[in-house]
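Start at 1 and go down the list; that is how both ligands and their atoms are numbered. All figures in this text were calculated on a predicted structure; none of them were measured in a lab.
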Amino acid sequence: MSTTDTTTHTENTLPLAGRVAVVTGASSGIGEATAETLAARGAKVALLARREDRLAALAERITRAGGTALAVPTDVRDRDAVRAAAERIAAELGGVDLVFANAGVQHVSPIEDLRTGDWQHQIDLNVTGVMNTIGAFVPSLIAAAAEGRPADLMTTSSIAASRQLEKFQVYSGTKGYISQMSRVLRVELAPKGVRVTTISPGMVDTELPEHVDDPDATKLMADLIAQIDVLQSSDVADTVAFVAGAPRHVNLAEITILPTQQAI
Ligand SMILES: NC(=O)c1ccc[n+]([C@@H]2O[C@H](COP(=O)([O-])OP(=O)(O)OC[C@H]3O[C@@H](n4cnc5c(N)ncnc54)[C@H](OP(=O)(O)O)[C@@H]3O)[C@@H](O)[C@H]2O)c1
């Protein structure tokens, strides 16, 4: 077998070869790691977030490693921008069959201190941003499934969706929305062959706590990171890749992923 033959063989046997993925929140943390992992397993990956420099650096890293990535700087709160991104991705990478609607933000405050901007930001990004993403890409997922291809819609919720953490009221509410909306969406999309999965992580070491300015919440998260072996973004990325690589008739619908020692 020639060198070229070997390369082709390897590419074809990558578990996600032929898949076209969209990852929102790809400029850092869970999204960045997931984009890199999906690309390493053969998917072409569209990278969405606002920080263009971070997306460009990630796209270059993926390309250097032999993968395919397209940086599409997008604010997912802007519905028209997400629709335009979907058109560009279809034209440049082909029909999307994997969507990881992951971009999110967390603010934590007592309700009497919660600045309007903070609660509005969480609702605009964690709820509206996810809906904009779903709205723009669901037709492509349904089309992929109709062609007999695997089709995955994955959302990032949180254990905060179902736990009662003081001062996390709006963040928890947005994640509760994501978990329940995804469950009900699955009822609608399952007969069309589109798998819907919600991933609910516990504590992951990312930039997320940097937006939190409540001292108690900051201490809670800093203590967890110092005291236990928390999750890394790559742990969640491996989970997303595993879900996407499951046989077409298998839908891992709801996954909670926790650091082993996390007790809250
Ligand atoms: N870390 C945890 O412990 C944890 C636990 C459970 C769930 N989660 C969830 O995991 C998801 C990813 O968070 P992370 O922990 O990886 O934190 P992160 O590193 O802060 O990632 C958040 C991502 O969202 C992007 N983003 C923010 N605003 C955006 C906008 N308007 N449009 C497009 N992209 C936007 C950010 O990029 P730009 O700033 O460049 O736009 C960034 O790439 C979130 O939904 C979060 O709620 C995290």
Do the charged groups of D238 and R41 touch, with an N to O distance under 4.0 Å?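 Looking at R41 together with D238, the answer is yes, because their closest N to O distance falls below 4.0 Å.
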
Give a yes or no on whether a salt bridge exists between R64 and E60, defined as a side-chain N under 4.0 angstrom from a carboxylate O.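 The answer is yes: the pair qualifies as a salt bridge.
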
Apply the side-chain contact (heavy atoms from CB on, under 4.5 Å) test between T68 and each candidate in I62, L93, V45, V20; give the one that qualifies.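 Only one option passes, and that is L93.
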
Mind jotting down which protein residues get a heavy-atom contact under 4.0 Å with ligand 1? Chain and number order, please.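 Close residues (ligand 1, cut-off 4.0 Å): G25, A26, S27, S28, G29, I30, A49, R50, R51, T74, D75, V76, R77, N102, A103, G104, L125, T156, S157, S158, Y171, K175, P201, G202, M203, V204, T206, E207, L208.
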
Show which side-chain atoms of residues 46-57 pair as donor or acceptor with protein atoms under 3.5 Å away, not counting sequence neighbours.
from, atom 1, to, atom 2, distance (Å)
R51, NH1, E207, OE1, 3.2
R51, NH2, S27, OG, 3.3
R51, NH2, S28, OG, 3.1
R51, NH2, E207, OE1, 3.3
R54, NE, S27, O, 3.1
R54, NH1, E207, OE2, 3.4
R54, NH2, S27, O, 3.0
R54, NH2, E207, OE2, 3.4

Please output the side-chain donor-acceptor pairs of residues 219-228 that fall under 3.5 Å, not counting sequence neighbours, one pair per line with the distance.
from, atom 1, to, atom 2, distance (Å)
K219, NZ, D223, OD2, 2.7

What pairs meet the ring pair (Phe, Tyr, Trp, His ring centres under 6.0 Å) rule with one or both residues in residues 89-131, with sequence neighbours excluded?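 Sorted result for residues 89-131: H107-H121.
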
